[in-house]
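Structure record follows, encoded as structure tokens.
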Amino acid sequence: LNAASVLGTTATDFPTTHDKIQEVKDTPYFIDNKFLTSSTTRFIDLHDPATNNLVTRVPQNTEEELKAAVASAQKAFETWRTTSVFHRQQIMFKFVALIRENWDRLAASITLEQGKTFADAKGDVLRGLQVAEAACAAPELLKGEVLEVAKDMETRTYREPLGVVAAICPFNFPAMIPLWCIPIATVTGNTLILKPSERDPGAAMILAELAHKAGFPEGVVSVVHGAHDAVNFILDEPAIKAVSFVGGNKAGEYIFSKGSANGKRVQANLGAKNHAAVLPDCNKNQFLNAVVGAAFGAAGQRCMALSTLVLVGETKEWLPELAERAKALQVNGGFEDGADLGPVISPHSKQRIESLIASAETEGATILLDGRGFKPAKYPDGNWVAPTIIANVTPEMQCYKEEIFGPVLVCLNVDTLDEAIDLINANEYGNGVAIFTRSGPTAETFRRRIEAGQVGINVPIPVPLPMFSFTGNKRSVAGGGASTFYGRPGINFYTQQKTVTALWSSADAISKKADVAMPTHN
Ligand code: NAD
């Protein structure tokens, strides 16, 4: 059984349309470098969001299968942990090359299962690929420190792998988020069990195949499937030492507290409500294009989507022009030429987004651009919501309080920069934020006072590249953001520090009396 039975089997053979799949195959799971058929009777149907045609059935792995994944990862750890870092680096180089070779195939799987446009899906792959590229620097990143702390005495540090670790992924970046985890977890010497989103595991399955081809030994990378039960298994399994989670607050806060209570390291990136403050002195044209792209790209289903506009002073007069540009975007199947945004992930998500738009109307906001009811001619059965702009929103409204996670921009009016900063800081989330201005001092004041963890100055989606780290704040991260993804903090998360203090003296000890006081290093 091939992982890519519905997704193409070679780097040049993959679907390029939303046509109905004639022979639907179940998604396999991946243990010991083999694609296996689950013996479960519980499946989750996966539909193409552009058509609602069935693409595959995703198994919910049985407890025996999940245990087999742990046993395989534990066995692999015994040898993988002692493999030379240069060997691991070589495998990572090959993994990077294979991802590049299979870039279009990975992107096609994302467009089919998740719905985003093919061009945007290529970006999803790239941002993960860059983490794998950065992980190739493992020999440098894993170097320890040494200091001669006294005569004949030195202290050295080592970074050692933790053991079996797990990753639980969301639906919105089917390649990028698995690639936040696979490279860093494995290059540091751990073995990883990955649970992709049950809504679009195809890209993770292709990555598993590429990991095998790159030379990862059996058991170093495993992929299992399921939802709540699989997650609870991971949280309760003592052999799993660390959990990486990316997703919404409900699941993430539960996973962080349960995982931590069970003694595991947990890093958890959660939901968001990202604001942009717009100052009248900004470059208006750049601002309009940046916000339209960042609010509606990927149908607003990005954790760093710019979903909330804070219009300072006269900039509220620019809204009709903003609406014109948003209206010009093409909403269509992700494989179609010229498509700017695709459907949202599910009928339930569409209905939730539409009800939040309706609540804004009831609560007295102005629906400046209404994307409800839109259907592209070729795909009448997809989960469509076209770009929507809600003006005159206030912080008490439901559409402001909740993460909408759709192509909906909510707009609030304030008179001053101070008011904008206070409003943004009063929000419970703190993932990303942007300011549009030509003034350096204004940008500096904003940068200093704003609480969100990732700040863009004339940059709408300031996601840090992998030599930095993903640094959300407040309720956008669990545990106060102490453990962040990728970059040096990512290496730290997946490794335990060991410090060794050694005394190597050639002289014989002269005193016959033991010293019982703490040394004072005079
Ligand atoms: P989700 O929380 O529904 O699902 C994420 C994962 O958790 C999935 O693997 C799912 O199977 C599992 N899960 C869901 N509910 C669970 C429960 N009650 N118990 C145990 N496991 C559960 O998230 P999603 O809808 O797939 O993704 C969208 C969310 O992810 C948005 O809130 C978005 O902001 C967030 N996100 C955050 C970041 C970030 O870096 N901050 C990045 C991407 C997505």
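Both ligands and their constituent atoms are indexed starting at 1 by order of listing. What you see is a predicted model, and the numbers here were worked out from it, not measured in a lab.
Contact annotation for atom 4 (O) of ligand 1: protein absent (non-hydrogen atoms, distance under 4.0 Å).
Residue nearest to atom 30 (O) of ligand 1, selected from G453, G247, A230: G247 (by heavy-atom distance). Closest heavy-atom approach to atom 37 (C) of ligand 1 within the set D200, L270, V477: this belongs to L270.
The protein non-hydrogen atom at the shortest distance from atom 18 (N) of ligand 1 is H228 NE2, 3.3 Å. Closest protein heavy atom to atom 26 (O) of ligand 1: F171 N, 3.0 Å. For atom 27 (O) of ligand 1, the closest heavy atom belonging to the protein is P170 CB, 3.4 Å. For atom 20 (C) of ligand 1, the nearest protein heavy atom (residue, atom name, distance) is V231 CG1, 3.6 Å. The protein atom (non-hydrogen) at minimum distance from atom 28 (C) of ligand 1 is F405 CE2, 3.6 Å. Atom 36 (N) of ligand 1 has its closest protein heavy atom at C303 CB, 3.5 Å. In this structure, the protein non-hydrogen atom closest to atom 7 (O) of ligand 1 is F245 CE1, 3.3 Å.
Of all atoms in ligand 1, numbered sequentially from 1 with element shown, those under 4.0 Å from a heavy atom of A251 are 2 (O), 13 (N), 14 (C), 15 (N), 16 (C), 17 (C), 22 (C). If you number the atoms of ligand 1 from 1 as listed, the ones under 4.0 Å from a heavy atom of N431 come out as 41 (N). Counting the atoms of ligand 1 from 1 in the order shown, those under 4.0 Å from a heavy atom of E198 are 8 (C), 9 (O), 10 (C), 11 (O). Set against the non-hydrogen atoms of N172, the atoms of ligand 1 under 4.0 Å away are 43 (C), 44 (C). Remark: ligand 1 atoms within the under-4.0 Å shell around heavy atoms of G271 are 32 (O), 34 (O). Applying the 4.0 Å criterion to heavy atoms of I168 picks out, from ligand 1, the atoms 6 (C), 7 (O), 9 (O).
In this structure, W180 contributes its side chain and G490 its backbone to no donor-acceptor pair below 3.5 Å. No donor-acceptor pair under 3.5 Å is formed between the side chain of E363 and the backbone N or O of M397. Judged by distance alone, the side chain of K264 and the main-chain N or O of K258 form no donor-acceptor pair under 3.5 Å. S469 contributes a side-chain N or O that, together with a main-chain N or O of Y486, makes up a donor-acceptor pair within less than 3.5 Å. Counting only distance, with no hydrogens or angles, the side chain of S197 and the backbone of R199 share a donor-acceptor pair below 3.5 Å. In terms of modelled atom types and a separation under 3.5 Å, the side chain of N190 and the main chain of P161 share no donor-acceptor contact.
Nearest heavy-atom pair across T471 and Q454 is N-OE1, 3.1 Å.
Partner of V410 under the side-chain contact (heavy atoms from CB on, under 4.5 Å) criterion, chosen from I390, L356, T388, V310: I390.
The shortest N or O to N or O distance between I177 and ligand 1 is not below 3.5 Å. The shortest N or O to N or O distance between G248 and ligand 1 is under 3.5 Å. Where the criterion is an N or O separation shorter than 3.5 Å, residue side chain and backbone included, K195 meets it with respect to ligand 1. By the 3.5 Å distance cut-off applied to N or O atoms, F470 is not counted among the residues near ligand 1.
No more than 12 heavy atoms of other residues, nucleotides or ligands sit less than 6.0 Å from atom CZ of F468.
Contacts between E403 and ligand 1, counted as non-hydrogen atom pairs separated by less than 4.0 Å, involve the side chain only. Contacts of N269 with ligand 1, taken as heavy-atom pairs under 4.0 Å, involve both backbone and side chain.
Note: Y400 and H275 meet the aromatic proximity criterion, with ring centroids under 6.0 Å apart.
Ring pair H212/F30 is tilted by interplanar angle, where 30° to 60° counts as tilted. Below 30°, between 30° and 60°, or above 60°: for F374 and W384 the angle between ring planes is above 60°, a perpendicular geometry. Aromatic ring orientation, Y379 versus H18: perpendicular (interplanar angle above 60°, classes split at 30° and 60°). Note on ring orientation: taking the six-membered ring where Trp is involved, the planes of F216 and F95 are perpendicular (angle over 60°, cut-offs 30° and 60°).
Remark: distances from the non-hydrogen atoms of C169 to ligand 1 include one below 4.0 Å. Under a 4.0 angstrom heavy-atom cut-off, W180 registers as being in contact with ligand 1. Ligand 1 is never approached by F485 to a heavy-atom distance shorter than 4.0 Å. In this structure, R199 has a heavy atom closer than 4.0 Å to ligand 1.
Because its NZ or CZ atom is not both nearer than 6.0 Å to the ring centre of F233 and within 45° of the ring axis, K67 does not count as a cation-pi partner of that residue.
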